[in-house]
Amino acid sequence: MSGLLDALTDAVGERHVLTEDDVRRSYETDWTGRFSGEARAVVRPADADEVAAVLHACAAEGTGVVPQGGNTGLVGGGVPAGGEIVLSLVRLDAIEKPDTVARQVSVGAGVPLAALQERLRGSGLAFAVDHAARDTATLGGMAATNAGGARAVRYGVMRHHVVGLEAVLGDGRRVDRMEGLVKDNAGYDLPGLLVGSEGTLGVIARLRLSLVRELTSRATALFALADTAAALDLLEGLRRRLDSLEAAEILYPDGLDLVARHSGARSPFEDEHGAYLLVECAADEDPLDGLAAAAEESTAASDVAVAQDAEQRRRLWALREGHTEAVSAEGTPHKLDVSLPLPRLAEFESRVRDRVAEASPGARTILFGHIGDGNLHVNVLGPPPDDDGPDEAVLALVAECGGSVSAEHGIGQAKRRWLSLTRSDDEIAAMVAIKRGLDPEGILNPAVLLPS
Ligand code: FAD
Ligand code: MLT
Ligand code: ZN
């Protein structure tokens with residue numbers, strides 16, 4: 001052990017090799033509290049050279065390495081299973097001057113999303129991907145998980161905004177594609193392979209990101225509906241009419257009750273409804289009139305609350321973004337982030353609670369999600385963290401409905417067993433071959449994504 005610690009100290013300096021129990025602890029348990037393991041040490045490199053030196057030292061000892069950004073991941077992908085080194089990337093936090101002609105910016109992997117948003121505010125440019133963990137989630141972690149978020153319905157996911165990156169592969173070789181070339185068909189798309197690889201193929205040190213125009217006028221409304229089918233009906237009409245549509249999020253009354261209980265945020269409607277659709281439009285000109293007209297035309301909605309100012313917008317978003325914390329405040333959830341073909345989403349929603357109840361009588365199932373992308377977040381409360389029963393029940397139904405076991409959070413440690421529900425044997429064999437090619441010693445995130 002001391003040989004490895006000496007080599008790590010040589011690589012990053014003594015101050016950045018953390019071994020004390022109480023200092024390591026926050027790096028060892030994931031955001032949900034469901035996944036936890038002891039790390040041999042937490043190591044905090046400052047740049048790609050130091051990352052390479054750490055990987056070299058760990059490979060020599062055959063010690064696993066768990067890359068970690070903000071540790072906001074929800075599938076146990078960024079915490080050790082036991083005995084690995086945690087490689088924290090938070091010191092790679094430089095934001096370079098944005099290139100306003102190319103509409104790109106270079107950032108360190110450890111830059112939190114909110115820091116980039118703050119840096120760009122008022123510049124005329126913005127980063128397209130956004131989600132509620134913005135203050136802590138890093139752009140490296142978001143790329144490694146191919147994060148989606150609320151604006152994916154308009155702009156797509158991280159994959160669509162990573163123009164290039166700098167990374168150290170598991171075998172120590174480097175990928176350096178930071179030139180910002182929009183067109184670059186010289187062989188395999190190595191940055192594309194690393195996006196969504198959950199730290200199993202390489203460690204991302206820097207990213208070249210594309211930016212979109214900053215839109216300064218926003219309009220937000222919450223629609224009350226009978227059920228999920230009505231929400232999809234409304235969504236179809238809104239998409240047809242509104243080019244400015246930027247978010248379409250589904251909520252249900254039990255989730256709203258939890259948010260009210262834990263944050264005090266209240267539904268604007270007096271009566272309870274079967275489902276709610278939170279919609280946001282963004283444009284240069286105020287999109288409120290267009291949204292209000294679309295709302296009036298819709299026969300699907302039973303009621304609507306349109307935000308009249310920034311404070312009312314914030315309150316509507318608090319109802320949506322408060323879900324994750326409110327669910328966790330009730331206990332350690334089983335979080336099953338899934339996607340469905342839109343034509344089968346209402347069927348899935350109507351069946352999933354019963355499936356969970358059969359597997360785990362007494363469990364509570366709270367749903368919400370990014371309905372515009374066919375992405376539902378199924379949260380099961382009650383069963384102990386190590387009981388796989390509800391996970392199996394939900395993911396089997398996803399497979400029956402032709403969906404994916406992971407929409408945006410990744411496979412991590414949480415869904416390893418179920419990768420084969422949505423990937424064929426041949427596809428998994430291809431993934432294993434890629435892993436062996438780029439990380440022959442299998443040191444990077446050994447307990448994550450691929451079957452053991
Ligand atoms: P971590 O949690 O530290 O790591 C996540 C994974 O990436 C791990 O497998 C880790 O090994 C790997 N990794 C991290 N950094 C690197 C690196 N530099 N190189 C290689 N691998 C690396 N996700 C969505 O997609 N959409 C949402 O709307 C959304 N909302 C969220 C809301 C809340 C309140 C929370 C807590 C989480 C939410 N997430 C959402 C989860 C999401 O996965 C993370 O927030 C984020 O994408 C991960 O960033 P991170 O820096 O915290 O990564
Ligand atoms: C969200 O959309 O709020 C997130 O992906 C987090 C979650 O699933 O709790
Ligand atoms: Zn989400």
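Just the heavy atoms: all of them, side chains too, but no hydrogens, waters or symmetry mates, feed the values below. Counting convention: from 1, in listed order, for ligands and their atoms alike.
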If we only count N/O pairs under 3.5 Å, is P67 in contact with ligand 1? yes
Indicate, as side chain, backbone, both or neither, the part of E321 found under 4.0 angstrom from ligand 1 when only non-hydrogen atoms are considered. neither
Which of the numbered atoms in ligand 1 are under 4.0 angstrom from any heavy atom belonging to G199? 20 (C), 21 (N)
Check ligand 1 against H370 and write out every atom of the ligand that is under 4.0 Å from a heavy-atom position of the residue. 28 (O)
Is V448 close enough to touch ligand 1? Criterion: a residue heavy atom under 4.0 Å from a ligand atom. no
Given that the side chain starts at C-beta and the backbone is N, CA, C, O, which of these parts of T138 lies under 4.0 Å from ligand 1, counting heavy atoms, or is it both or neither? both
Any nitrogen or oxygen of A109, side chain or backbone, less than 3.5 Å from one on ligand 1? no
Selected option - heavy-atom contact closest to atom 27 (C) of ligand 1, from H131, R151, M142: H131
Decide whether the shortest distance between a heavy atom of D337 and an atom of ligand 2 is less than 4.0 Å. no
Please verify the inter-ring angle class for F269 with Y276; under 30° counts as parallel, over 60° as perpendicular, anything in between as tilted. parallel
Of all the atoms in ligand 2, which lie at a distance below 4.0 Å from a heavy atom belonging to L74? 6 (C), 7 (C)
Give the numbers and elements of all ligand 1 atoms closer than 4.0 Å to a heavy atom of E198. 9 (O), 11 (O)
Are any of the N/O atoms on N71, whether in the backbone or the side chain, positioned under 3.5 angstrom from an N/O atom of ligand 1? yes
Would you say CZ of R174 has more than 12 non-hydrogen atoms from neighbouring residues, nucleotides or ligands within 6.0 angstrom? yes
Please check whether A150 reaches ligand 1 - meaning an N/O of the residue sits under 3.5 Å from an N/O of the ligand, judged on distance alone. no
State the atoms of ligand 1, each with its element, that fall below the 4.0 Å cut-off from a heavy-atom position in T324. 34 (C)
Could you tell me whether T72 approaches ligand 1 through its side chain, its backbone, both or neither, with non-hydrogen atoms closer than 4.0 Å? both
Numbered atoms of ligand 1 (with element) below 4.0 Å of N445, judged on heavy atoms: 9 (O), 11 (O)
Nearest-option assignment for atom 7 (O) of ligand 1, heavy atoms, candidates G196, A137, A144: A144
Using a heavy-atom cut-off of under 4.0 Å, does the side chain or the backbone of A147 touch ligand 1, or both, or neither? both
V203: numbered ligand 1 atoms lying under 4.0 Å from its heavy atoms: 19 (N), 20 (C)
For G202, the atoms of ligand 1 under 4.0 Å from one of its heavy atoms are 20 (C)
Checking heavy-atom distances from atom 3 (O) of ligand 2 to each of R320, H323, H377, the winner is R320
Atom 5 (C) of ligand 1: closest protein heavy atom, distance to 0.1 Å, is T145 CG2, 3.7 Å
Near I204, which atoms of ligand 1 are under 4.0 Å from a heavy atom of that residue? 17 (C), 18 (N), 19 (N), 20 (C)
Could you say whether the N/O atoms of G70 and ligand 1 ever approach to under 3.5 Å? yes
Please list the nearest protein heavy atom to atom 35 (C) of ligand 1 with its residue and the distance rounded to 0.1 Å. A133 CB, 3.5 Å
Going by heavy-atom distance to atom 5 (O) of ligand 2, choose the closest among H409, H370, H131, E321. H409
Any N or O of E408 that comes nearer than 3.5 Å to an N or O of ligand 1? yes
Hey, does G73 come in under 3.5 Å of ligand 1, counting only N/O atoms on both sides? yes
